Participant: 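Would you mind keeping the following structure in view while I ask a few things?
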Amino acid sequence: MKNQVLEMFDHAFGNYMLQQFLDLLGSHGKEMAFYKNGHYSVVVTTDLGPGRGYPEEVLSLTSLEEGRANLISEPRPEDTVLQSVRTRWEHAYPADELMPLTCRGRVRGQEPSRGDVDDALGRFSLTLIDSLDTLVVLNKTKEFEDAVRKVLRDVNLDNDVVVSVFETNIRVLGGLLGGHSLAIMLKEKGEYMQWYNDELLQMAKQLGYRLLPAFNTTSGLPYPRINLKFGIRKPEARTGTETDTCTACAGTLILEFAALSRFTGATIFEEYARKALDFLWEKRQRSSNLVGVTINIHTGDWVRKDSGVGAGIDSYYEYLLKAYVLLGDDSFLERFNTHYDAIMRYISQPPLLLDVHIHKPMLNARTWMDSLLAFFPGLQVLKGDIRPAIETHEMLYQVIKKHNFLPEAFTTDFRVHWAQHPLRPEFAESTYFLYKATGDPYYLEVGKTLIENLNKYARVPCGFAAMKDVRTGSHEDRMDSFFLAEMFKYLYLLFADKEDIIFDIEDYIFTTEAHLLPLWLSTTNRNISKKNTTSEYTELDDSNFDWTCPNTQILFPNDPLYAQSIREPLKNVVDKSCPRGIIRVEESFRSGAKPPLRARDFMATNPEHLEILKKMGVSLIHLKDGRVQLVQHAIQQSSVSATSFEQMTLGHMHIAVILNFNPERRFRTSAAASSIDAEDGLRFMQEMIELSSQQQKEQQLPPRAVQIISHPFFGRVVLTAGPAQFGLDLSKHKETRGFVASSKPYNGCSELTNPEAVMGKIALIQRGQCMFAEKARNIQNAGAIGGIVIDDNEGSSSDTAPLFQMAGDGKDTDDIKIPMLFLFSKEGNIILDAIREHEEVEVLLSDKARDRDPEMESEDQPSSENDSQSQSAEQMLSLSQTVDLVDQETPESPLDSHSEPSSPADTEETAGLAPSEQIPSSTESLETTSLDGECTDLDNQPKEQPETEEDSNPNVSWGKKVQPIDSILADWNEDIEAFEMMEKDEL
């Protein structure tokens with residue numbers, strides 16, 4: 001596997017280096033390029049005008065050290081294009097990152113802005129610097145020497161560009177220091193880098209001084225951004241007005257800044273980084289010992305008061321422990337242990353790590369986790385707390401096996417919350433450290449899975465592309481520098497033997513960007529002024545300090561059974577439900593008498609069961625939508641000290657558990673016959689919730705789309721529809737397109753009396769009076785090509801109610817071949833109103849919204865509209881903008897490269913996506929039905945909102961097609977108010 005990792009790295013790094021040459025071709029020619037077998041090859045077709053064209057010339061870039069393009073077939077002297085390419089290559093400015101889909105370099109200012117994500121780019125050849133020490137780890141010493149020469153020759157730090165202090169520190173400053181550390185190691189060995197004279201260190205020192213103005217605040221916390229050329233707060237700097245920064249942004253500086261101080265003897269860097277850490281420590285919430293996500297850099301007030309181990313905080317904890325390892329300062333260890341005790345007390349809920357409020361740490365702040373917390377098991381290995389590390393890592397691995405990659409965020413029941421995956425390395429990092437700690441070959445299999453998934457799903461001709469959506473497999477034109485800096489380093493180390501690495505990796509510590517700093521720095525230039533902060537530490541259990549920074553060879557002997565015994569209970573944690581609750585219920589049953597009624601046996605129509613519920617204090621309430629609600633009130637004898645509320649829907653039952661409880665768990669209720677019966681009721685309700693959750697996981701399908709494509713809608717109106725568990729699967733087959741017709745009888749519960757009306761069309765039927773599958777069979781027998789079931793509950797809407805999916809009738813439904821979708825009353829009435837207004841209404845049933853068809857718009861114009869063709873383009877465009885009501889909803893932001901959340905614009909390229917890659921936005925969750933009128937509410941499911949992109953091709957752009965004014969006014973005047981109300985419902 002290590003050879004496969006090397007080949008993958010060559011593919012990614014080689015294409016990154018190649019793009020520098022490609023960018024020089026500019027508009028002079030069309031090129032096809034690739035990196036293969038160690039050679040950079042370009043096929044160029046030049047076009048110098050009439051009679052000046054040349055045959056294809058093949059260029060081979062064999063000498064990166066010299067940085068010139070050597071022609072296999074020399075051009076004639078008058079070939080000015082290829083001559084200029086040679087000249088421009090010699091003076092090329094390397095791009096920061098590779099864009100693997102378009103096969104070109106990403107240079108700040110030359111590509112559309114992605115917002116905060118671009119703050120990592122500073123026109124300083126980011127990927128090259130970030131990959132320096134990776135080359136040495138992969139035993140590519142000759143390439144490392146060439147790369148160092150290239151950095152020293154080409155990289156300029158005096159750029160008028162605003163960059164992230166955090167990203168520039170961990171990627172560029174860390175990359176330069178890591179490169180310097182291994183350069184002096186190679187020089188001492190005597191074969192390579194004999195010419196090296198601390199040039200990378202001098203460049204790092206120059207960069208350090210450029211970052212120092214960011215610390216000019218009253219608190220000592222740095223500004224989040226700085227201009228490399230002009231610093232902070234000058235008019236030309238375009239920065240310095242920010243007030244907030246994330247905890248990780250301010251607390252992830254000490255390793256690089258202290259290393260810079262100890263390498264150079266300039267103590268100012270370590271002093272500034274220490275001051276920032278001291279301030280964060282002083283501002284921790286004293287009762288919980290937790291820190292928030294975002295802090296005001298001037299006042300020290302917490303802006304975001306939620307706390308976790310993922311985005312915004314992650315590397316702050318990491319650097320406290322690693323600062324102790326690198327610098328030998330006990331205060332850092334004491335701080336880390338204090339925080340770690342709070343993390344394990346409040347945030348850790350094995351195998352989950354859930355954010356809490358710093359002032360109310362017993363209260364979860366959110367119901368989802370972000371992918372950056374995948375580093376934490378690796379940190380726990382360094383801490384020596386192996387069991388929770390194995391548990392969390394196994395949970396994350398199960399998520400990866402479900403989705404191929406770790407989504408940017410996923411819910412506590414392991415559904416996708418943010419679907420992006422920018423090829424993050426944190427899980428590979430933890431896998432490496434767990435293998436080092438346990439010696440369990442299971443983690444080699446995990447690493448093999450990561451490699452296979454990268455090659456199968458992320459590999460593209462010009463590198464590796466980030467995943468835009470792990471559910472659909474669509475790509476994003478992005479390959480972040482950390483992919484080469486970290487991913488390949490950890491994967492190679494996972495499979496490499498000791499003799500494969502030319503130096504002792506144990507003599508170095510990894511930064512958060514996996515750069516290597518030598519441990520001997522702890523004894524160098526130690527005269528740094530330190531603030532005495534050893535007081536006010538929380539008295540902790542001594543066990544919290546056991547085995548800190550352990551020797552894994554003696555702490556965790558190579559006993560694979562140890563880790564296996566911890567993983568075993570979690571092997572089905574994703575496919576089923578989290579086992580903790582189920583185990584707790586089962587144990588409670590085993591400890592007492594047999595429960596009078598099990599949730600799996602309950603039937604709402606069984607009088608005996610209803611009597612048992614009454615005895616247990618469980619009320620059954622019939623709801624207007626046909627469901628029944630189960631409510632259990634358990635009131636403690638004394639005053640209420642705590643309250644818990646949960647609700648769920650199972651089949652036709654809506655379950656609400658309202659609990660008031662005391663520590664003794666002795667209950668008195670006006671409904672329950674006794675305290676024992678009340679406790680039986682609590683167990684029944686808890687089991688019912690767990691049963692519901694498990695069924696939802698097994699049955700959930702994504703929402704579908706009903707798109708009205710006929711005149712005058714032309715695809716502008718998209719309605720969210722609930723799917724069916726039977727019939728044609730629209731996610732696997734082509735969409736169904738046809739005109740709609742109402743069935744008779746409207747409920748579709750018997751043989752249709754108007755088969756000629758629905759033949760070859762999509763039948764509209766009303767919910768109620770029979771099974772959904774029966775309705776589907778009746779309209780299918782009448783010749784319908786699809787069906788839309790409209791809710792019979794007047795006024796129902798996806799605005800206020802969760803959608804649901806239609807289940808079968810408990811029999812074999814393979815005979816149903818047509819697609820079936822469900823619309824609430826409000827959405828269904830839009831189609832019915834359109835039929836009354838326009839008679840012929842054509843819709844598209846699909847798994848996601850499709851592009852509008854401009855040809856269809858022109859073909860479908862009624863002849864009566866010809867008189868209005870003389871309207872001016874300005875008028876028509878204005879109206880088009882007024883009535884175009886498709887709402888592009890904005891999802892919650894995915895994470896940026898490491899710690900700070902970013903906006904959707906920061907993570908999406910907005911041009912050139914094929915329609916098949918466009919995903920509708922959906923805020924609705926689903927219900928599951930077993931009978932018509934009986935639905936399972938999935939309202940607690942993640943409200944996923946995949947981002948929608950518009951095709952930039954003007955030939956298919958929806959907003960460019962202009963319709964005659966008179967016709968549009970006539971068609972839309974009466975409906976405009978309804979459409980405005982409908983905006984939030986659209987996909």
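Every value quoted in this text rests on a predicted model; they were computed, and no experiment measured them.
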Participant: Roughly how far, to the nearest 0.5 Å, is the OG1 atom of Thr367 from the CG atom of Leu352?
Facilitator: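 That separation rounds to 11.0 Å.
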
Participant: Please check if the side chain of Ser307 supplies one atom and the backbone of Val291 the other of a donor-acceptor pair under 3.5 Å.
Facilitator: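 Checking the backbone N and O of Val291 against the side chain of Ser307, a donor-acceptor pair under 3.5 Å is found.
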
Participant: Quick one: are Asp729 and Arg704 in side-chain contact, heavy atoms under 4.5 Å?
Facilitator: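 Touching, per the 4.5 Å side-chain cut-off.
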
Participant: So, does Asn453 use its side chain to make a donor-acceptor pair with the main chain of Asn404 at under 3.5 Å?
Facilitator: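 Yes, Asn453 side chain to Asn404 backbone: donor-acceptor pair under 3.5 Å.
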
Participant: Go through it in stages, so that I can follow the logic: the residues are Leu382 and Lys322, the test is side chain to side chain contact (heavy atoms under 4.5 Å, CB included), and I'd like the CA-CA distance, side-chain angles, deciding distance and then a yes or no.
Facilitator: CA-CA 9 Å; Leu382 183 60; Lys322 290 184 175 180; 4.0 Å; yes

Participant: Within this structure, what is the CG-CG distance for the pair Leu406 and Asp370, rounded to the nearest 0.5 Å?
Facilitator: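 It comes to 9.0 Å.
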
Participant: Closer than 3.5 angstrom, by distance alone: can the side chain of His475 be matched with the main-chain N or O of Tyr457 as a donor-acceptor pair?
Facilitator: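 Yes, the answer is positive, given that a donor and an acceptor are paired below the 3.5 Å cut-off.
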
Participant: Assess whether side chain to side chain contact (heavy atoms under 4.5 Å, CB included) is satisfied between Arg106 and Leu121, documenting all intermediate values.
Facilitator: CA-CA 9 Å; Arg106 185 184 297 279; Leu121 311 180; 3.6 Å; yes

Participant: Got Ile386 and Leu434 here, is their nearest side-chain heavy-atom distance under 4.5 Å?
Facilitator: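 Ile386 reaches Leu434 side chain to side chain.
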
Participant: Can the ring centres of Tyr490 and Phe510 be said to be less than 6.0 Å apart?
Facilitator: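 Under 6.0 Å, so yes.
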
Participant: Measuring only between side-chain heavy atoms, which start at C-beta, is Lys489 closer than 4.5 Å to Thr134?
Facilitator: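 Result yes, sub-4.5 Å side-chain heavy-atom pair found.
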
Participant: Can you tell me how far apart CZ (Phe405) and CD (Gln420) are? Round to the nearest 0.5 Å.
Facilitator: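 Reported value, rounded in 0.5 Å steps: 14.0 Å.
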
Participant: Does the side chain of Leu423 reach to within under 4.5 Å of the side chain of Leu454, using non-hydrogen atoms?
Facilitator: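 Leu423 vs Leu454: side chains touch.
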
Participant: Do Tyr316 and His339 have a side chain donor and acceptor closer than 3.5 Å?
Facilitator: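 Indeed, the side chains of Tyr316 and His339 share at least one donor-acceptor pair under 3.5 Å.
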
Participant: Within the side chain of Thr247, is there an N or O that forms a donor-acceptor pair under 3.5 Å with the backbone of Gly292?
Facilitator: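 Indeed, once roles are kept as given, a pair shorter than 3.5 Å links the two residues.
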
Participant: CG/Asn455 to CG/Leu450 distance, rounded to the nearest 0.5 angstrom?
Facilitator: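 Going from the CG atom of Asn455 to the CG atom of Leu450 covers 11.5 Å.
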
Participant: Please check if the side chain of Ser481 supplies one atom and the backbone of Thr127 the other of a donor-acceptor pair under 3.5 Å.
Facilitator: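 Not a single qualifying donor-acceptor pair exists.
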
Participant: Of all heavy-atom pairs between Thr245 and Ala250, which one has the smallest distance, and what is that distance?
Facilitator: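 Where Thr245 meets Ala250 most closely, the heavy atoms are CG2-CB, 4.2 Å.
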
Participant: Output the distance between atom OG1 (Thr431) and atom CG (Leu493), rounded to the nearest 0.5 Å.
Facilitator: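 Separation between the atoms: 12.5 Å.
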
Participant: Can you see whether Gln398 engages Glu394 through a side-chain donor-acceptor pair at a distance of less than 3.5 angstrom?
Facilitator: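 Side-chain D/A pair, Gln398 to Glu394: present.
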
Participant: Would you please indicate yes or no on a ring centroid separation below 6.0 angstrom for Phe483 and Phe488?
Facilitator: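 Phe488 vs Phe483: aromatic centres under 6.0 Å.
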
Participant: Ignoring hydrogens and angles, state whether a donor on the side chain of Tyr397 or Thr449 is under 3.5 Å from an acceptor on the partner side chain.
Facilitator: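 Tyr397 vs Thr449: donor-acceptor pair found between side chains.
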
Participant: So, Ser315 and Thr512: side-chain donor and acceptor under 3.5 Å apart, yes or no?
Facilitator: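 No, no side-chain donor-acceptor contact under 3.5 Å.
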
Participant: Inspect the contact between Glu452 and Lys456 and indicate whether a charged nitrogen and a carboxylate oxygen are less than 4.0 angstrom apart.
Facilitator: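 Here Lys456 does not pair with Glu452 in a salt bridge, since their nearest N and O are not under 4.0 Å apart.
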
Participant: Using distance alone, with no hydrogens and no angle criterion, decide if Glu408 and Ser371 have a side-chain donor and acceptor under 3.5 Å apart.
Facilitator: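 The criterion, which ignores hydrogens and geometry beyond distance, is satisfied for Ser371 and Glu408.
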
Participant: Are Glu513 and Asp130 close enough that some pair of their side-chain heavy atoms sits under 4.5 Å apart?
Facilitator: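 When only atoms from C-beta onward are counted, Asp130 and Glu513 do touch, with a gap below 4.5 Å.
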
Participant: As a quick check of understanding, evaluate side chain to side chain contact (heavy atoms under 4.5 Å, CB included) for Ile343 and Val309, giving each step before the final call.
Facilitator: CA-CA 8 Å; Ile343 291 170; Val309 296; 3.9 Å; yes

Participant: Please examine the side chains of Asp440 and Arg567, heavy atoms only from C-beta on, and report whether any two atoms are closer than 4.5 Å.
Facilitator: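 When only atoms from C-beta onward are counted, Asp440 and Arg567 do touch, with a gap below 4.5 Å.
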
Participant: A side-chain contact here means heavy atoms from C-beta on lying under 4.5 Å apart; do Met1 and Ile451 qualify?
Facilitator: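 Of all side-chain heavy-atom pairs linking Ile451 with Met1, at least one is under 4.5 Å.
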
Participant: Can you tell me how far the CG atom of Leu373 sits from the CG atom of Asp314, to the nearest 0.5 Å?
Facilitator: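 Nearest 0.5 Å value for the CG-CG distance: 9.0 Å.
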
Participant: Determine yes or no for a side-chain-to-main-chain donor-acceptor pair under 3.5 angstrom, with Thr511 supplying the side chain and His515 the backbone.
Facilitator: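 Checking the backbone N and O of His515 against the side chain of Thr511, a donor-acceptor pair under 3.5 Å is found.
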
Participant: Between Met395 and Glu391, does the side chain to side chain contact (heavy atoms under 4.5 Å, CB included) criterion hold? Intermediate values first, please.
Facilitator: CA-CA 6 Å; Met395 176 269 292; Glu391 291 174 335; over 6 Å; no

Participant: Looking at Arg366, Lys360, Lys305, which one forms a salt bridge (charged side-chain N to carboxylate O under 4.0 Å, His left out) with Asp355?
Facilitator: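 Testing each of Arg366, Lys360, Lys305 against Asp355, the sole residue satisfying salt bridge (charged side-chain N to carboxylate O under 4.0 Å, His left out) is Arg366.
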
Participant: Any side-chain heavy atom of Tyr340 sitting closer than 4.5 Å to one from Gln380?
Facilitator: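 A side-chain contact under 4.5 Å exists here.
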
Participant: Would you check if the distance from the ring center of Phe427 to the ring center of His393 is below 6.0 Å?
Facilitator: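 Yes, ring centres under 6.0 Å apart.
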
